[in-house]
Amino acid sequence: QVQLIASGGGLVQVGGSLRLSCAASGLTFSAYGMGWFRRAPGKEREFVAQITGSGDSTMYAGSLKGRFAISRDNAKNTVNLQMNSLKTEDTATYFCAASRAGGRIDYIWPYDYWGQGTQVTVSS
C-alpha cells in the first residue's frame, strides 16, 4: 500500500519561507518521479514542480521557478519543497504525488499516487 504523507505546512507572513516534506512508503522510491501540486480555494489544482527518480532533473511551473526548489533524498524516501519569498497567492493546499513515468522532464507526468495535502497560508 503506497502512502505519501506531506508535512511542513503552516501559517507564514509574506516574504517568509517554508519547507514542505513528503514521506513515501510502499513503493520503490527511486523508481518514481515525484511532484508537488497545489490547490487554492476556489481554483483548480495546479502543477508546482517535479523531480526525476535520480534527482538529477527538475521542472517548475514558470511563475514559481526561482522562489521554489524541489529536492529528494532517496535514502530517506522523502521529497521536499523549499518555498521562499512567499506571497499571499501561494496560499493553498499542497500535495505530493508519485509517477511511474518519471523519465523525460519536459512535460508534466501523469501521477499514480497522491498524498493527503498540507495547508500553507501566507498572510499579509
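From a predicted model like this one, the values you see are computed outputs, not experimental measurements.
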**OP:** Check the pair Thr78, Asp73 against side chain to side chain donor-acceptor pair (under 3.5 Å), reporting the backbone distance first and the verdict last.
**Re:** CA-CA 5 Å; Thr78 57; Asp73 185 337; 5.0 Å; no
Subject >> Shared hydrophobic cluster, Tyr94 / Val14 (ILVMFWY, side-chain heavy atoms < 4.5 Å) >> reply: yes
Subject >> Over-ring placement of Arg45 relative to Trp114, 6.0 Å and 45° cut-offs >> reply: yes
Original post:
Are the side chain of Thr118 and the backbone N or O of Gly9 linked by a donor-acceptor pair below 3.5 Å?
Top reply: yes
Original post:
Any side-chain heavy atom of Ile105 sitting closer than 4.5 Å to one from Gln50?
Top reply: yes
**OP:** Given side chain to side chain contact (heavy atoms under 4.5 Å, CB included), test Leu18 with Val120 step by step and report yes or no.
**Re:** CA-CA 9 Å; Leu18 277 177; Val120 171; 3.8 Å; yes
Original post:
If we only count heavy atoms from C-beta on, is the Gln82 to Ser17 side-chain gap below 4.5 Å?
Top reply: yes
**OP:** Apply side chain to side chain contact (heavy atoms under 4.5 Å, CB included) to Arg19 and Leu81, showing your working.
**Re:** CA-CA 6 Å; Arg19 183 177 176 85; Leu81 185 69; over 6 Å; no
Distance-only donor-acceptor hits, side chain of residues 53-62, under 3.5 Å, sequence neighbours excluded:
residue: Ser54; atom: OG; partner: Asp56; partner atom: N; Å: 3.4
residue: Ser54; atom: OG; partner: Asp56; partner atom: OD1; Å: 2.8
residue: Ser54; atom: OG; partner: Asp56; partner atom: OD2; Å: 3.3
residue: Asp56; atom: OD1; partner: Thr52; partner atom: OG1; Å: 2.8
residue: Tyr60; atom: OH; partner: Ile70; partner atom: N; Å: 2.9

Original post:
What's the spacing between Leu20 CG and Phe95 CZ if we round to 0.5 Å?
Top reply: 12.0 Å
Original post:
Does anything in residues 79-98 pair up under salt bridge (charged side-chain N to carboxylate O under 4.0 Å, His left out), and if so which pairs, sequence neighbours excluded?
Top reply: Arg38-Asp90, Arg67-Asp90
Original post:
Considering residues at least two apart in sequence or located in another chain, which fulfil the salt bridge (charged side-chain N to carboxylate O under 4.0 Å, His left out) criterion with Asp112?
Top reply: Arg100
Original post:
Using a distance-only test with no angle check, is there a side-chain donor-acceptor pair under 3.5 angstrom linking Ser21 and Asn80?
Top reply: yes
Original post:
Could you give the distance from CH2 (Trp109) to CE (Met34), rounded to the nearest 0.5 Å?
Top reply: 10.0 Å
Original post:
Does anything in residues 55-97 pair up under disulfide bond (SG atoms under 2.5 Å apart), and if so which pairs, sequence neighbours excluded?
Top reply: Cys22-Cys96
Original post:
Do Val2 and Tyr32 share a hydrophobic cluster, counting only Ile, Leu, Val, Met, Phe, Trp and Tyr and linking them when any side-chain heavy atoms are less than 4.5 Å apart?
Top reply: yes
Original post:
What pair of heavy atoms forms the shortest contact from Ile108 to Tyr111, and how long is it?
Top reply: CG2-CE1, 4.4 Å
Subject >> Where Ala6 and Gln116 come nearest, the two heavy atoms and their spacing >> reply: O-NE2, 3.1 Å
**OP:** Would you confirm whether Thr88, through its side chain, and Ser123, through its main-chain N or O, come within 3.5 Å as a donor-acceptor pair?
**Re:** no
Original post:
Phe47 and Phe37: aromatic ring centres closer than 6.0 Å?
Top reply: yes
Subject >> Exam field: side chain Gln119 to backbone Leu11, donor-acceptor pair closer than 3.5 Å >> reply: no
**OP:** Locate the shortest heavy-atom distance separating Ser71 from Ile51; write the atom from each residue and the value.
**Re:** CA-CD1, 3.8 Å
Original post:
For Phe68, which residues count as a ring pair (Phe, Tyr, Trp, His ring centres under 6.0 Å) partner, sequence neighbours excluded?
Top reply: none
**OP:** Could you give me the CA-CA distance, side-chain angles and deciding distance for Val79 and Trp36, then say whether side chain to side chain contact (heavy atoms under 4.5 Å, CB included) is met?
**Re:** CA-CA 9 Å; Val79 59; Trp36 286 96; 3.9 Å; yes
Original post:
Got a sec, which pairs hit side chain to side chain donor-acceptor pair (under 3.5 Å) with one end in residues 1-11, sequence neighbours left out?
Top reply: none
Original post:
What are the two closest heavy atoms between Ala101 and Pro110, and how far apart are they?
Top reply: CB-CD, 4.0 Å
